[in-house]
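Worksheet: one structure, shown below.
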Amino acid sequence: MSHDTLPRPAKTEEGPVEEPRPRPRRHWSRRPNPLAGLGSLLWLAVVIVPIYAMISASLTRQDKALGNNALKPPTDPTFANYNTVLHNGFGHFLANTVLVAAAVVGIVLVLCVPLAYVAVRTRTVWSSAAFRLFLLGVAIPAQAVVVPLYLMIAKLNLYDSLLAVILPTAAFAMPVSVLILTSTLRDISEDLYEAMALDGASATRMLFQLVVPLAKGGISTVVIYTALQAWNGFLFPLIFTQSDGPRVLTLGLFNYVSQFGVNIPALLASVVLSGIPIFAVYLVARRALVGGLMGVGGK
């Protein structure tokens, strides 16, 4: 391009206007942080060593479980412990736990996403009061209301069923889920709502086409949190179930303590198997989970 075709600065009565000069780019240098690296290695050791010891012990024969060093790899590894667990009702417990977790996650998402949307978009005294009243559930421990819950479940003829575990677990997961989702939905720009309103979109269309896609981080956080609550729940299955039909993994592991009281490798094998599914769910949604926890899920 010749000098004659170059754009010239505009002229005003006071003279030509100077074009803004581009700012120089800053080149950030990565400085080593030995203290942070050492702390990360220590934390990694704290997490990895118990998992390694558990897996190693689950592959050890029963007669060598107590005599060997916990950090020493098994000299003669065996999968007989996993075979023992799988042939003692583990599949039934796993299926019940997956059903409970899926049902709890579904109930929480169906109820909490619209509730958080209304709490963010409806700026009235009544909606604010209802939101604050709803969050009082965060301060109420499950142990404090287990007796009234037991009486309600007995009156509804739900005792010793999976619904007796699903409904209370979903109820106690909802307050924190609403709090996470409202924080995520507040990050969505008001201009996007106004643009969809000018386009003639209804509140339902905004919810499904705007809020849900932009709130994936918060929704993923709620899914992981709720699934963990349902997967690791012990109080409600212990109080509200009795027979083997609705028994879940946590209660099954509790029974394994008596069934495999001296068979430590079989008990640890059941713990390893019970942790694999929920760990797989975390690996799938870990990025969205971190984004939701950092408060940038809606951006």
Under 3.5 Å: donor-acceptor pair, side chain of Ser56, backbone of Tyr52: no
Here the gap from Leu268 atom CG to Tyr82 atom OH, rounded to the nearest 0.5 Å, amounts to 8.5 Å
For residues Ile153 and Pro168, determine if any side-chain heavy atom of one lies less than 4.5 Å from a side-chain heavy atom of the other. yes
At their closest point, which heavy atom of Ala101 faces which heavy atom of Ala230, and how far apart are they? CA-CB, 3.7 Å
Counting N and O atoms only, with roles assigned by atom type, does the side chain of Thr122 sit under 3.5 Å from a partner on the main chain of Ala119, one being a donor and the other an acceptor? no
Measure the shortest side-chain to side-chain distance between Leu235 and Ile239 over non-hydrogen atoms and say whether it is less than 4.5 angstrom. yes
How long is the straight-line distance from CG of Leu192 back to CG of Leu214, given to the nearest 0.5 Å? 6.5 Å
If you round to the nearest 0.5 Å, how far is CG of Leu185 from CG of Leu210? 8.5 Å
Taking all non-hydrogen atoms of both residues into account, name the closest pair between Ala103 and Ile166 and its distance. CB-CD1, 3.7 Å
Interatomic distance, CE@Met206 vs CD1@Ile188, rounded to 0.5 Å, equals 11.5 Å
Backbone N/O of Thr84 and side chain of Asn88: donor-acceptor pair under 3.5 Å: yes
Please list all pairs meeting side chain to side chain donor-acceptor pair (under 3.5 Å) that have one or both residues in residues 93-112, counting only residues at least two apart or in different chains. His92-Asn96
Contact between Leu115 and Phe131 at the side-chain level, heavy atoms closer than 4.5 Å - yes or no? no
Would a 4.5 Å heavy-atom cut-off, applied to side chains only, mark Leu94 and Phe90 as touching? yes
Could you grab the distance from atom CG of Leu109 to atom OG of Ser177, nearest 0.5 Å is fine? 8.0 Å
Grouping I, L, V, M, F, W and Y whenever their side-chain heavy atoms are under 4.5 Å apart, do Leu151 and Leu156 come out in a common cluster? yes
Here the pair of heavy atoms bringing Leu149 nearest to Phe236 is CD1-CE2, 4.0 Å
Shortest non-hydrogen pair, Thr241 vs Ser161, comes out as CG2-O, 4.0 Å
Cut-off 3.5 Å, no hydrogens considered: what does the side-chain donor-acceptor table look like for residues 245-253, sequence neighbours left out?
unit_1	atom_1	unit_2	atom_2	d
Arg247	NH1	Asp244	OD1	2.7
Arg247	NH2	Gln242	O	3.2
Arg247	NH2	Asp244	OD1	3.3
Thr250	OG1	Gly233	O	2.6

Residue pair Asn81 / Ser58, side-chain donor-acceptor N/O under 3.5 Å: no
Closest non-hydrogen atoms of Ser274 and Trp231, given as atom of the first, atom of the second and distance, are O-NE1, 3.0 Å
Please examine the side chains of Pro213 and Phe208, heavy atoms only from C-beta on, and report whether any two atoms are closer than 4.5 Å. no
Could you tell me whether the side chain of Val104 reaches within less than 4.5 Å of the side chain of Gln229, counting heavy atoms only? no
Are Ile51 and Leu59 connected in the hydrophobic side-chain network, where two residues link if heavy atoms are under 4.5 Å apart? yes
Let me check something: do Tyr225 and Val110 share a hydrophobic cluster, defined by ILVMFWY side-chain heavy atoms less than 4.5 Å apart, either directly or through other members? no
Please check if Val118 and Val125 belong to a single hydrophobic cluster, counting links between Ile, Leu, Val, Met, Phe, Trp and Tyr side chain heavy atoms closer than 4.5 Å. no
Could you see if Leu167 belongs to whatever hydrophobic cluster contains Met152? Use Ile, Leu, Val, Met, Phe, Trp, Tyr and a side-chain cutoff under 4.5 Å. no
Partner of Thr226 by side-chain contact (heavy atoms from CB on, under 4.5 Å), out of Val222, Val223, Leu228: Val222
Minimum heavy-atom distance Ile180-Gly218, with the two atoms named: CG2-O, 4.0 Å
Just so I know, are the side chains of Arg205 and Asp199 near enough to count as touching, which here means a heavy-atom distance under 4.5 Å? yes
For Phe240 and Tyr150, take the angle between the two ring planes, folded into 0 to 90°, and tell me which bin it lands in: parallel under 30, tilted 30 to 60, perpendicular over 60. parallel
Quick check: do Arg121 and Tyr193 have side-chain heavy atoms less than 4.5 Å from each other? yes
